[in-house]
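See below for the structure under consideration.
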Amino acid sequence: MEKAYNPSDIEQKWYQKWESSDYFVASGEGNPYCILIPPPNVTGSLHMGHAFQHTIMDTLTRYHRMKGDNTLWQVGSDHAGIATQMVVERNLSAEGQTRQDLGREAFIDKVWEWKEHSGGTITRQMRRLGDSVDWNREAFTMDDTCSNAVKEVFVQLFKEDIIYRGKRLVNWDPKFHTAISDLEVENIEEKGSLWHFRYPLANGETTADGKSYIVVATTRPETMLGDTAVAVHPEDERYQSLVGKTITLPLVGREIPIVADEYVDKEFGTGCVKITPAHDFNDYEVGKRHNAPLVNIFNDNAAIRNTAEAFDYKGKAITDINLMIPDGYAGLDRFDARKKIIDDFDSLGLLDSIKDHTLQTPRGDRSGAVIEPYLTDQWYVAVESLAKPAIEAVESGEIKFVPENWSKTYFQWMHNLQDWCISRQLWWGHRIPAWYDEDGNVYVGRDDEEVRKDNNLDSSVSLRQDEDVLDTWFSSALWPFATMGWPEKTKELETFVPSSVLVTGFDIIFFWVARMIMMTKKFIGKVPFKEVYITGLIRDEHGQKMSKSKGNVLDPIDLIDGIDVDSLVSKRTTGLMNPKDAKKIEKRTRKEFGEGIESYGTDALRFTFCALASTSRDINFDLGRVEGNRNFCNKIWNAARYVLMNTEGQDCGQNGGDLQLSLADRWIWSRLQSTIEDFEKHLTTYRFDLVSQALFSFIKNEYCDWYLELSKPVLNDANSTAEQVRGTRHTLVNVLETVLRIAHPLMPFITEEIWQRIAPLAGIKDNTIMLQSFPKFDEKRFDEAAADDLEWVKNVVVGVRNIRGEMNISPAKSVPLIIHNGSAEDERRLNENKTFLMTLAKLESINWKQKGDELPVSATALIGNMDLLIPMAGLIDVAAEKARVNKEIDRLSKDKERFAAKLANPNFADRAPEAVVAKEKEKLAETEATLEKLKQQITQLESL
RNA sequence: GGGCGCUUAGCUCAGUUGGGAGAGCAUCGCCCUUACAAGGCGAGGGUCACUGGUUCAAGUCCAGUAGCGCCCA
């Protein structure tokens, strides 16, 4: 073996071997265990959050595979409609082209090209991460199977009137010219103004205080062109007399009613609200109650139309209404129109006042454009009937959220569902399977042919398909069964629905998790998964969200392979939305990664992700942890080297022969059992931080720090018997072999590499660790007596090391040890473990002294009643030893007082459980005895 | 406005039913000891945000305050 761990030498070769040997394919035997990958968007590459979740999914997958389950990690990717279209359009625009230049078909070809490219990047990354997905079953939300499922679902839901078409307000993205869902809108607090406009009362009416106008406040002046009412609160005394009267809308001249509605907040602004039902969601609701027409003043670009258009709430056009657009407005962008409206009001003397105001501005999460509530024809899913079973599935515990608390978030959303707008005015996506004849009648079917057959339409009727595509999440919602071949009745559908656990972030509980539950319940009648493990969100080390614009993103591959600082800077500063950020990003990057990033390897990265996966919802990614874990890998590597050096070509008992186990052997076997127990306990509760901690502390603090050291005296002692040496070699090899299997799900590569060399020494002839069985807890190996005895050995060794450390005695220097005042039990332990102590504490001699024996002046450590003494002659500085002992006296004196005070309190003595009181008394007695001894030490030191 | 969460060592975080405050990294000291200097051995470091309550006993349970954050309207 190489002297140091070098991940790049070992990782890729094993992945290729595993993949080409079909080890990732479900065995077909045992209990089904299935994880559905949250399909990554084909927009680019995997980020740290993906790598994190993939680590968790792979760890679970590998564990269950080793447990003998019929294990499938279903892989695939998502076409991500708007996001992908945007990327491809941006690429086109770099060549000076638009999608319209290409036309729909050619554009879609371009997107497919992009998908091949991006999809390749993602699958390469997954292979680097060690993801043991079944590549033979790779799915894509736009492939034929998924497309069939989409059509099937659409047609069925349409037939049941769950899918319908309607003219409604949607969130319109004027940049991308498409509707988007509520969830794709981010409300951002921005500074704006509140403009107060005077609306003249019609027909000579006046207000209570004699004014000929009322004042409305608005944050969006341009929409006034579409006002069709003014609302006041029914109990607002200022305006009560005006309800039922009208005002004349300035600039337009439309006469519109003053209505009373509870929606109005009397305290806000003037208490009068302009109602623009076609351009505001709240106004829509108010307008509907008062039958105020919907007057649309915008076109698709959110610029002013030439003439307005009006509809009623059933979508029927209204013509007997003043739809005038004043001169000079047609074609103006909404923000230019705003300025002009304000100017015009001002010059008419109708601008009452302007106040500063912060407001929530809706922006598209992809485009960043201000989203416009906009009246259009769209397709909807009526979610109510789908939601009910989906809510029940979680209420009944059929689906469990982990951590449990996230079910609240789920319920909160599910109980406040709006119908889901599923049509998108994009080219990339599943084309809506609906056709129109020349009269505008709509027919829904799987294809043109079916539509004609079902509706008796012969070829003389010309049909055109709906231009729009479906929301991406519509197809993602079918992922649990579409990937299993539905609507065909496949074996996979039978076996892997429901899947076992969904591993995902809380940010898509609404987008995706809820919708999968609804659709899977509806079409399969089962839940899509039994558990939903919600992971935290990976942030940078200061808790900032990682984003391209902040310039703090890390590519998981760069942590695996390493990257120099120049490359990192150029990666972070190319393709920025705002190129001005580049300087700042470069400066910060150079400051933080002056030396670039070292290569840490996949296993160290994966182990780090697991170690960070506590219940916290934010995970600050600390590069120091990766480095520490890379060092941990090196530790494992070198431990294996040591084992091999001492066992290869030697008799390790793999072919039989008597084994005599030392105390250390029995102890490490026992500790190994506890490790298996802890590992499984924490894994089944998704506490990957505790899982990794259990592994770390066993391997490092027990196997390496103690056991390997304890094996040396046995192997090196010329007096050891063949059985003893064989026993220790056997233990070295087999404990290592076992712990490699425990660690494999987290650290697949290093464990495979080492296992290949270790397994033969354990008598195992097989091709891969991947398919070995996961270690089982073995009661017979559990050995409390060994634990107690070894604890004693450790205490003695640590006691001596303590003195050495604090007295700065060179580790190279052997020291004599005197043990005094020990019990018979101590004496037995000493006699049985002399060689361990001699080696580990680097002793030149051990002398057992009885009470009353003459003792030299010494540095002392106490273990219970037993004293460890290292004679001072020539070794130890008296003043330093005094200082050391005094420090200990200080510490213990404080403890003593605390215990004494507690016991002196009658409330405690009388009311606390007896065991607790007894324990406290014991602690006090022990502390007092120790103090007494330490004080004697001081006296003795002073007498010199 | 409604909901959820966080505050523990310099940093990043554990702390399961209330009963002697922990890990990793960083810091300091000694050491190139034959698996490992990507290392070993040892050490220092905390008013568990604050206030009050319950309790013999609170990092842990309850109420409130402050600060930070997320989601929804």
Side-chain angles (χ1 to χ4, degrees), chain A residues 1 3-6 182-183 186-187 265 281-282 360 403 405-406 408-409 411-413 415-416 506-507 509-510 536-537 539-543 545 598 600 604 608 611-646 681-682 685 687 689-690 692-693 696-697 700-701 704-705 708-709 711-712 716 732 797-798 800-814 839-842 884 887 895 898-899 902-903 905-913 915-917 919-920 922-923 927:
Chain A
M1 272 174 99
K3 197 163 179 239
Y5 163 67
N6 185 357
D182 297 353
L183 296 171
E186 287 175 344
N187 290 301
D265 178 355
F281 290 101
N282 291 315
Q360 299 283 325
N405 222 275
W406 287 109
K408 284 193 185 173
T409 307
F411 289 133
Q412 205 194 337
W413 190 67
H415 287 298
N416 294 293
F506 59 81
D507 47 338
I509 290 180
F510 309 138
L537 222 59
R539 298 167 172 279
D540 76 6
E541 71 278 22
H542 307 297
K545 211 166 170 174
E598 278 181 80
Y600 297 118
T608 306
L612 293 173
S614 65
T615 56
S616 163
R617 60 170 64 178
D618 294 309
I619 293 166
N620 296 356
F621 190 84
D622 179 6
L623 209 58
R625 295 288 295 259
V626 191
E627 186 177 353
N629 289 326
R630 189 269 317 260
N631 297 351
F632 176 52
C633 288
N634 187 52
K635 189 86 181 169
I636 297 174
W637 184 261
N638 279 290
R641 271 183 67 221
Y642 168 81
V643 172
L644 287 168
M645 283 165 66
N646 286 285
K681 181 177 78 192
H682 293 135
T685 51
R687 284 300 303 271
D689 57 330
L690 302 178
S692 61
Q693 205 178 54
F696 183 91
S697 75
K700 180 148 189 294
N701 303 335
C704 291
D705 287 354
L708 294 189
E709 296 306 317
S711 74
K712 288 173 186 175
N716 297 337
L732 275 172
V797 172
V798 168
V800 175
R801 282 179 181 170
N802 236 306
I803 295 170
R804 300 184 93 105
E806 293 196 31
M807 294 298 111
N808 284 344
I809 298 171
S810 159
K813 173 90 183 147
S814 292
T839 314
L840 268 72
K842 184 95 179 165
R884 194 180 74 90
K887 200 172 68 180
D895 283 354
R898 227 186 36 242
F899 300 142
K902 208 169 184 182
L903 285 162
N905 179 351
N907 279 329
F908 175 75
D910 298 346
R911 302 175 70 166
V916 174
V917 177
K919 203 171 157 193
E920 211 68 15
E922 197 183 313
K923 277 180 338 198
T927 309

Inset, instruction - Looking at every strand, decide which applies to A/Lys842 at a 4.0 Å heavy-atom threshold: base, sugar-phosphate, or nothing. - result: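 The residue A/Lys842 makes no contact with any strand.
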Could you tell me the Watson-Crick or G-U partner of [N], where both distances fall under 3.5 Å? Say none if there is no partner.
N      : value
B/rG20 : none
B/rA49 : B/rU65
B/rG10 : B/rC25

Legend entry - NZ/NE/NH1/NH2 to OD/OE distance under 4.0 Å, A/Lys919 and A/Glu922: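 Between A/Glu922 and A/Lys919 there is no salt bridge, as every charged N stays at least 4.0 Å from the carboxylate O atoms.
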Inset, instruction - Start with the C-alpha gap between A/Lys923 and A/Glu920, add the side-chain angles, then the distance that decides, and say whether salt bridge (Lys or Arg N to Asp or Glu O under 4.0 Å) holds. - result: CA-CA 5 Å; A/Lys923 277 180 338 198; A/Glu920 211 68 15; 3.1 Å; yes
Inset, instruction - Go through the N and O atoms of the side chain of A/Lys635 and the base of B/rC36, and report whether any donor-acceptor pair is under 3.5 Å. - result: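 Yes.
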Inset, instruction - Taking the side chain as every heavy atom from C-beta outward, state whether A/Arg687 and A/Thr615 have any pair of such atoms under 4.5 Å apart. - result: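 Side chain of A/Arg687 against side chain of A/Thr615, heavy atoms only: contact under 4.5 Å found.
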Separation of [N] [atom2] from [X] [atom1] (nearest whole Å):
X        : N      : atom1 : atom2 : value
A/Arg539 : B/rG5  : CZ    : C1'   : 12 Å
A/Asp622 : B/rG24 : CG    : C1'   : 9 Å
A/Arg625 : B/rA23 : CZ    : P     : 13 Å
A/Lys887 : B/rA43 : NZ    : C1'   : 7 Å
A/Asn620 : B/rC25 : CG    : C1'   : 14 Å
A/Asp705 : B/rA23 : CG    : C1'   : 14 Å

Legend entry - 5′-ward residue of the pair A/Asn6/A/Ile619 relative to RNA chain B: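 That would be A/Ile619.
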Inset, instruction - Nearest-nucleotide wise, let me know which of A/Phe696 and A/Lys919 is further upstream toward the 5' end of RNA chain B. - result: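 Its nearest nucleotide lies further toward 5', so the answer is A/Lys919.
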Inset, instruction - Report the distance from atom CG of A/Asn620 to atom CG of A/Leu537, rounding to the nearest 0.5 Å. - result: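 Result: 10.5 Å between the selected atoms.
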Inset, instruction - Considering only atom C1', compute the distance from B/rA35 to B/rG22 and round it to an integer number of Å. - result: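 Between the two C1' atoms, the distance is 29 Å.
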